Amino acid sequence: MSLLAGKTVVVSGVGAGLGHQVAAAVVRDGGNAVLGARTEANLAKSAAEIDPDGAHTAYRATDITVEGQCEALAGLARERFGRVDAVVHVAAWDSHFGGLEDADFTTWQSVIDVNLLGSLRMTRACLPGLKAGGGSVVFIGTQSAVAAPTQVRQAAYAASKGALTSAMYSLARELGPYRIRVNTVLPGWMWGPPVQAYVRFTAQTEGVPEAEVLERLAGRMALPELAADADVADAAVFLASDRSRAITGQSLLVNAGELMR
């Protein structure tokens, strides 16, 4: 039997990178994927690539800082497929850089509104469906929340994702009686659009080949290459499936062994 046969998974933050890979993995493994992101054109493109005949996907433009839009996306899953079995939170603001000394706390509040509160809004919107048959909540966190990288400063992003991981523990206790599991995937350096852009920018800035920059990153890993978006997506789909029925309140590092805990 396919990993997600008959299951419906809401995926937030579907664009060209990890969100697309998660949605693709859901459909590949026999499930229905309900896609949300702010840009409808990106959703349409992703759905067409994943599921050309449209039998196993649905999508709606969704800003997770707006509660009504979160409820509408969860409602679409129930209307189209009759159920919500899991929600995978990919939507995030990960493009704000800097540390404490140069912090713009107004921007930090916006980052937190997306990464922490937005994920919680979307989770709450999915609760009626999840409660009906038990299910899974999967947060996409970041290795930066537990070990700051030396290459870039993303204090606001790390803090917001760290708070989300802390919230996971409370939610796992609160929702466990409904047989709802809550877990987090913590990617490290992940080969996909953001890291590809970092490698290009660094190579251009330093005047070195992109392969040299990539080799520096891969040299930090126990395995000799970066994890890819698809690897993180596979971990998320495992946690969304019944194969992880006894796993809750856990953080899974997908980082090719850069950090071991």
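Numbering starts at 1 and runs along the sequence shown. No experiment lies behind these values; they were computed from the predicted model shown.
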**Student:** Could you measure the distance from the CG atom of N115 to the NE2 atom of H89? Nearest 0.5 Å is fine.
**Tutor:**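 Those atoms lie 12.0 Å apart.
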
**Student:** I need the M122 CE to Q69 CD distance, nearest 0.5 Å.
**Tutor:**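 It comes to 10.5 Å.
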
**Student:** At their closest point, which heavy atom of E225 faces which heavy atom of A256, and how far apart are they?
**Tutor:**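 Closest approach of E225 to A256, heavy atoms only: O-CB, 3.2 Å.
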
**Student:** Looking only at atom types and distance, does a side-chain atom of T8 sit under 3.5 Å from a main-chain N or O of D85, one as donor and one as acceptor?
**Tutor:**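 Checked: no pair found.
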
**Student:** Would one find more than 12 heavy atoms of other residues, nucleotides or ligands at under 6.0 Å from atom CZ of R38?
**Tutor:**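 No, the 6.0 Å shell around CZ holds no more than 12 heavy atoms from other groups.
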
**Student:** Does T142 use its side chain to pair, donor to acceptor, with the backbone of L186 at less than 3.5 Å?
**Tutor:**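 Between the backbone of L186 and the side chain of T142 there is no qualifying donor-acceptor contact (under 3.5 Å).
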
**Student:** Quick check: does any side chain N or O of T202 sit under 3.5 Å from a backbone N or O of Y198, one acting as donor and the other as acceptor?
**Tutor:**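 Yes, the answer is positive, given that a donor and an acceptor are paired below the 3.5 Å cut-off.
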
**Student:** Set out, in order, the CA-CA distance, both residues' side-chain angles and the distance that settles side-chain contact (heavy atoms from CB on, under 4.5 Å) for L214 and L226, then state yes or no.
**Tutor:** CA-CA 9 Å; L214 183 57; L226 272 64; 4.1 Å; yes

**Student:** Measure across A167 and L116 and return the closest heavy-atom pair with its distance rounded to 0.1 Å.
**Tutor:**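 In this case the closest contact between A167 and L116 is CB-CD1, 4.5 Å.
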
**Student:** Kindly work out whether a path of hydrophobic side-chain contacts (I/L/V/M/F/W/Y, heavy atoms less than 4.5 Å apart) joins L3 to V185.
**Tutor:**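 Yes, L3 and V185 fall within the same hydrophobic cluster.
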
**Student:** Return the minimal non-hydrogen interatomic distance between A25 and D234, and the atom names on each side.
**Tutor:**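 In this case the closest contact between A25 and D234 is CB-OD1, 4.2 Å.
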
**Student:** Would you say the side chain of F105 lies within less than 4.5 Å of the side chain of L100, judging by non-hydrogen atoms?
**Tutor:**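 Yes; the side chains approach each other to less than 4.5 Å.
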
**Student:** Report yes or no: do I180 and M168 belong to one cluster of Ile/Leu/Val/Met/Phe/Trp/Tyr joined by side chain heavy-atom distances under 4.5 Å?
**Tutor:**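 Shared cluster, yes.
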
**Student:** Enter the distance from H56:NE2 to F81:CZ here, rounded to the nearest 0.5 Å.
**Tutor:**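 Output value for this atom pair is 8.0 Å.
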
**Student:** Give a yes or no on whether the backbone of R60 and the side-chain of T62 come within a donor-acceptor separation of less than 3.5 Å.
**Tutor:**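 Side chain of T62 to backbone of R60, a donor-acceptor pair under 3.5 Å: yes, one is there.
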
**Student:** Below 4.0 angstrom, N of the basic side chain to O of the carboxylate: do D29 and K7 qualify?
**Tutor:**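 So D29 does not pair with K7 through a salt bridge.
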
**Student:** Checking side-chain contact (heavy atoms from CB on, under 4.5 Å) for the pair T165/V146: CA distance, chi angles, key distance, verdict?
**Tutor:** CA-CA 10 Å; T165 300; V146 294; over 6 Å; no

**Student:** V114 and I64: side-chain contact (heavy atoms from CB on, under 4.5 Å), yes or no, with the steps?
**Tutor:** CA-CA 7 Å; V114 174; I64 61 170; 4.2 Å; yes

**Student:** Please answer whether the main-chain N or O of S241 pairs with a side-chain N or O of S244 as donor and acceptor at a distance below 3.5 Å.
**Tutor:**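 Yes: the side chain of S244 pairs with the backbone of S241.
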
**Student:** Ignoring hydrogens, what is the shortest heavy-atom contact between L164 and L120? Give both atom names and the distance.
**Tutor:**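 Between these two residues, the closest heavy atoms are CD1-CD2, 4.4 Å.
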
**Student:** Should we count CD of E101 as having more than 12 external heavy atoms under 6.0 Å?
**Tutor:**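 For E101, atom CD is not crowded (no more than 12 foreign heavy atoms under 6.0 Å).
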
**Student:** Between V213 and V208, is a side-chain contact (heavy atoms from CB on, under 4.5 Å) present by the stated rule, with each step listed?
**Tutor:** CA-CA 8 Å; V213 179; V208 299; 3.8 Å; yes

**Student:** In Å, rounded to the nearest 0.5 Å, how long is the span from CG of L130 to OG1 of T123?
**Tutor:**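 So the CG of L130 and the OG1 of T123 are separated by 8.0 Å.
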
**Student:** Establish whether V66 and L76 are linked, either directly or via other cluster members, by ILVMFWY side-chain heavy-atom contacts under 4.5 Å.
**Tutor:**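 Per the 4.5 Å side-chain linkage, V66 and L76 are not co-clustered.
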
**Student:** Judged by atom type as modelled, is there a donor-acceptor pair below 3.5 Å linking the side chain of Q250 to the main-chain atoms of T248?
**Tutor:**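 Flag set: sc Q250 to bb T248 pair under 3.5 Å.
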
**Student:** Is it possible for you to say whether L253 and F238 belong to one hydrophobic cluster, with membership spreading through side-chain heavy-atom contacts below 4.5 Å?
**Tutor:**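 As far as the 4.5 Å side-chain criterion goes, F238 and L253 are not connected within one cluster.
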
**Student:** Are L171 and V10 linked, directly or through intermediate hydrophobic residues, by side-chain heavy-atom contacts shorter than 4.5 Å (ILVMFWY only)?
**Tutor:**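 They do share one cluster, since a chain of ILVMFWY contacts under 4.5 Å joins V10 to L171.
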
**Student:** How about E215: does its CD atom have over 12 heavy atoms from other parts shown lying under 6.0 Å from it?
**Tutor:**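 No, not enclosed.
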
**Student:** On a heavy-atom basis, which atom in R181 and which in L239 lie closest, and how many Å separate them?
**Tutor:**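 Distance-wise, the nearest heavy atoms are NH1-O, 2.9 Å.
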
**Student:** Is there a donor-acceptor pair under 3.5 Å between the side chain of R245 and the backbone N or O of R179?
**Tutor:**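 No, R245 side chain to R179 backbone: no donor-acceptor pair under 3.5 Å.
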
**Student:** Check whether N183 reaches the backbone of I247 with its side chain - one donor and one acceptor, N or O, closer than 3.5 Å.
**Tutor:**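 It does hold such a pair.
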
**Student:** If you draw a 6.0 Å radius around CD in E40, do more than 12 non-hydrogen atoms from other residues or ligands fall strictly inside?
**Tutor:**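 Check fails, neighbour count at 12 or below.
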
**Student:** Out of curiosity, R220 CZ to L259 CG, how far, rounded to the nearest 0.5 Å?
**Tutor:**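 Nearest 0.5 Å value for the CZ-CG distance: 10.0 Å.
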
**Student:** Salt bridge between D113 and R121, side-chain N to carboxylate O under 4.0 Å?
**Tutor:**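 So D113 pairs with R121 through a salt bridge.
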
**Student:** Which value, rounded to the nearest 0.5 Å, describes the distance between N255 atom CG and M221 atom CE?
**Tutor:**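 Going from the CG atom of N255 to the CE atom of M221 covers 7.0 Å.
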
**Student:** Run through V34, V84, V137, L73 and flag the one making a side chain to side chain contact (heavy atoms under 4.5 Å, CB included) with C126.
**Tutor:**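 So, applying the side chain to side chain contact (heavy atoms under 4.5 Å, CB included) to C126 and each of V34, V84, V137, L73, only V84 qualifies.
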
**Student:** Heavy atoms only: give me the nearest A145-A158 pair and the separation to one decimal.
**Tutor:**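 For A145 versus A158, the nearest heavy atoms are CB-O, 3.7 Å.
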
**Student:** With sequence neighbours excluded, tell me which residues meet salt bridge (Lys or Arg N to Asp or Glu O under 4.0 Å) with E79.
**Tutor:**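 Checked E79 against salt bridge (Lys or Arg N to Asp or Glu O under 4.0 Å); zero matches.
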
**Student:** Side chains of V9 and V237, heavy atoms from C-beta outward: is any pair under 4.5 Å?
**Tutor:**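 V9 vs V237: side chains apart.
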
